[in-house]
Colleague: 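Please see the structure below; I have some questions.
Each chain gets a letter, A, B and so on, in the order its sequence line appears, and its residues count up from 1.
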Amino acid sequence: MKQRGLAVYAFCALAFLHLPLLILVAFSFNANRFTVWEGFSLRWYQAALSDPQLAAGLLNSLIIAGIAGVLSTIIGTLAAYGMWRRAAPVLSGTLYLSLVTPEIVTGVSLLALFQGVFRFLHLHLGLWTVIIAHVAFSIAYVTLVLSARLRGYDRSLEEAALDLGASPWHAFTRVTLPVLAPAIAAAGLLALVVSFDDYVITSLVAGVDSETLPMVIYAMARRGVSPVVNAVSALIVVGFSVIILISQRLQNQ
Amino acid sequence: MALFFLLPLVIVFACSLLTRGDYGGVEQPWTLESYLRILDPLYLAIFWRSLWIATVATALCSLLGFPLALFVARAGKRRNLYLQLVLLPFWTSFLVRTYAWLFILRDTGLVNTVLLRMHLIAGPLPLLYNDGAVLLGLVYNFLPFFVLPVYAALERLDPALAEAAADLGARPWPVLWRVIVPLSAPGIMAGAVLLFIPCLGAYLIPDLLGGGKTVMLGNLVQNQFTTARDWPFGSAASLVLMLLSALVLAGLVRSRVARELL
């Protein structure tokens with residue numbers, strides 16, 4: 001009896017978690033502009049795909065997420081490996097602190113850093129400041145995933161390679177790196193998603209020419225009713241779900 | 001890491017001690033004025049409000065999340081499937097999830113349209129731009145933060161303990177309250193802290209769902225750095241926000257609970 005009550009409740013809770021997104025996706029296929037169902041239509045997808053602002057935002061987001069994803073994966077992997085080789089309480093403490101720091105604080109402090117640098121160098125906010133900011137906050141996620149993987153990694157594998165005459169560099173690239181490869185790929189995909197999704201930090205450090213997709217969506221959502229936003233959102237939801245599922249598969253390998 | 005994270009914080013700390021410049025930058029002399037301004041009743045009210053909303057959101061999530069975690073932990077073979085179902089929406093875009101509620105709750109949104117068509121209401125209900133909408137957004141977005149650690153604690157719990165209590169004559173509710181809840185307390189505490197911190201620093205949710213009315217700490221910081229161009233005050237406010245988060249976290253780490261958990 002009690003079990004059944006719990007199951008009914010859990011079903012409702014899961015519905016609460018999933019329904020808003022399902023509704024959002026469903027209404028992206030609505031022929032009517034308003035929230036009244038009129039019939040199936042792909043017109044909002046057409047409108048979304050032909051919107052120049054959305055296209056520019058998407059391009060910026062892809063460039064940023066691509067570069068920041070690769071850079072943060074490399075740095076994050078090396079950081080996790082370093083922390084695994086030798087305990088670095090300050091580094092790992094900083095890492096965890098950066099994970100729980102409110103995004104808005106990370107954003108304004110990076111903005112302050114950039115403005116401080118600009119006092120000496122005559123530069124201005126743009127795509128590159130967004131990339132640096134994204135690398136800064138993605139590293140922690142990469143390191144977290146890699147650290148979890150390294151915890152289960154047998155140290156003696158690398159030691160054996162060293163005993164057999166491999167240089168530390170060789171032992172790392174030929175023995176440890178192949179073992180870590182799935183976890184690195186998983187962490188990279190996670191970094192990609194985290195970077196692609198960010199609005200708060202990006203909006204603070206972006207220049208006039210570096211509007212990302214979330215910034216365009218935010219502006220559209222602010223302006224009011226537009227099923228185009230639903231269509232874009234639906235595409236993002238599907239894209240993210242696929243990437244995350246792949247990432248989790250890789251992590252569990 | 002140190003370059004990207006600690007250095008910016010140091011700069012913000014320096015900013016918070018400087019004076020606001022005429023064109024928005026920071027200037028000498030050094031002063032504590034920004035910190036004193038936080039004590040202004042207007043800003044203190046925002047602090048209390050943020051703490052209050054984060055507390056209510058945490059309480060709501062605990063009530064809603066614990067049974068869900070219990071269900072997943074007891075699901076046997078299908079555990080992983082249910083866990084995935086809890087986490088999947090969490091991995092889709094934060095902005096999109098918040099927009100979904102905007103779509104459902106606004107005046108021409110789904111709820112109001114349906115109710116109007118059924119002639120249950122005369123005009124659209126003001127569902128958006130209030131504390132309730134912000135709380136809903138926070139609970140919806142951060143519920144998995146709570147469910148995950150509680151699930152981890154419950155999963156490690158030996159089911160024999162609950163069975164023993166039941167065999168000794170305890171009814172289901174006392175078993176829950178006196179056996180299961182106390183034994184999973186570390187997970188509940190960890191979940192509550194993991195939930196409280198992002199709620200306290202939330203910016204996007206109060207911005208989109210709360211409109212201009214529900215100003216929280218995150219919005220104050222953003223506003224000072226952009227529209228108001230008062231960097232010293234914005235810096236001071238963001239450091240106080242950071243300090244509050246760190247204190248809550250330190251409280252967890254130093255408690256008995258963390259030692260059991262790690």
Colleague: Sort B:Pro198 into side chain, backbone, both or neither according to what part of it lies under 4.5 angstrom from a heavy atom of chain A.
Modeller: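 Neither part.
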Colleague: When the ring centroid of A:Phe11 is compared with that of B:Phe71, is the distance short of 6.0 Å?
Modeller: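 Not close enough - the centres of the two rings lie 6.0 Å or further apart.
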Colleague: Let me know if B:Tyr140 has heavy atoms under 4.5 Å from chain A in its side chain, its backbone, both or neither.
Modeller: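 Both backbone and side chain.
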Colleague: Given heavy-atom pairs under 4.5 angstrom as the criterion, report whether the side chain, backbone, both or neither of B:Leu85 touches chain A.
Modeller: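 Both the backbone and the side chain of B:Leu85 come within 4.5 Å of chain A.
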Colleague: In terms of heavy-atom contacts, does OH of A:Tyr141 have more than 12 from other residues, nucleotides or ligands at under 6.0 Å?
Modeller: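 Atom OH in A:Tyr141 is not packed in, count stays at 12 or less.
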Colleague: Quick one: which of A:Ser241, A:Ser233, A:Ser203, A:Ala234 has the most heavy-atom pairs under 4.5 Å with chain B, could you say?
Modeller: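 Most heavy-atom pairs under 4.5 Å with chain B: A:Ser233.
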Colleague: Measuring heavy-atom distances to chain A, does B:Gln224 have an atom under 4.5 Å in its side chain, in its backbone, in both, or in neither?
Modeller: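 Looking at B:Gln224, nothing touches chain A.
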Colleague: Relative to chain B, which of A:Leu111, A:Asp198, A:Val193, A:Leu204 shows the most heavy atom pairs under 4.5 Å?
Modeller: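 Ranked by contacts with chain B, first place is A:Leu111.
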Colleague: Heavy-atom distances under 4.5 Å only: say whether B:Phe103 touches chain A with side chain, backbone, both or neither.
Modeller: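 For B:Phe103, the side chain is the part near chain A, not the backbone.
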Colleague: Donor-acceptor pairs under 3.5 angstrom involving side-chain atoms of residues 242-251 of chain B: please list them, not counting sequence neighbours.
Modeller:
unit_1, atom_1, unit_2, atom_2, d
B:Ser245, OG, B:Leu241, O, 3.0

Colleague: With a 4.5 angstrom heavy-atom cut-off, is it the side chain or the backbone of B:Leu68 that approaches chain A, or both, or neither?
Modeller: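 Looking at B:Leu68, backbone and side chain both touch chain A.
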Colleague: Write out all pairs satisfying salt bridge (charged side-chain N to carboxylate O under 4.0 Å, His left out) with one or both partners inside residues 191-200 of chain B, taking only residues at least two apart or from two chains.
Modeller: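 Checked against salt bridge (charged side-chain N to carboxylate O under 4.0 Å, His left out) - neighbours excluded - no pair reaches residues 191-200 of chain B.
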Colleague: Only pairs of heavy atoms separated by less than 4.5 Å count here; which of B:Gly65, B:Ala75, B:Gly218, B:Pro67 has the most with chain A?
Modeller: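 The answer is B:Pro67.
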Colleague: Given heavy-atom pairs under 4.5 angstrom as the criterion, report whether the side chain, backbone, both or neither of A:Ala10 touches chain B.
Modeller: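 Answer is both: backbone and side chain atoms of A:Ala10 are under 4.5 Å from chain B.
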Colleague: Give, as side chain, backbone, both or neither, the part of B:Leu110 having an atom under 4.5 angstrom from any heavy atom of chain A.
Modeller: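 Both the backbone and the side chain of B:Leu110 come within 4.5 Å of chain A.
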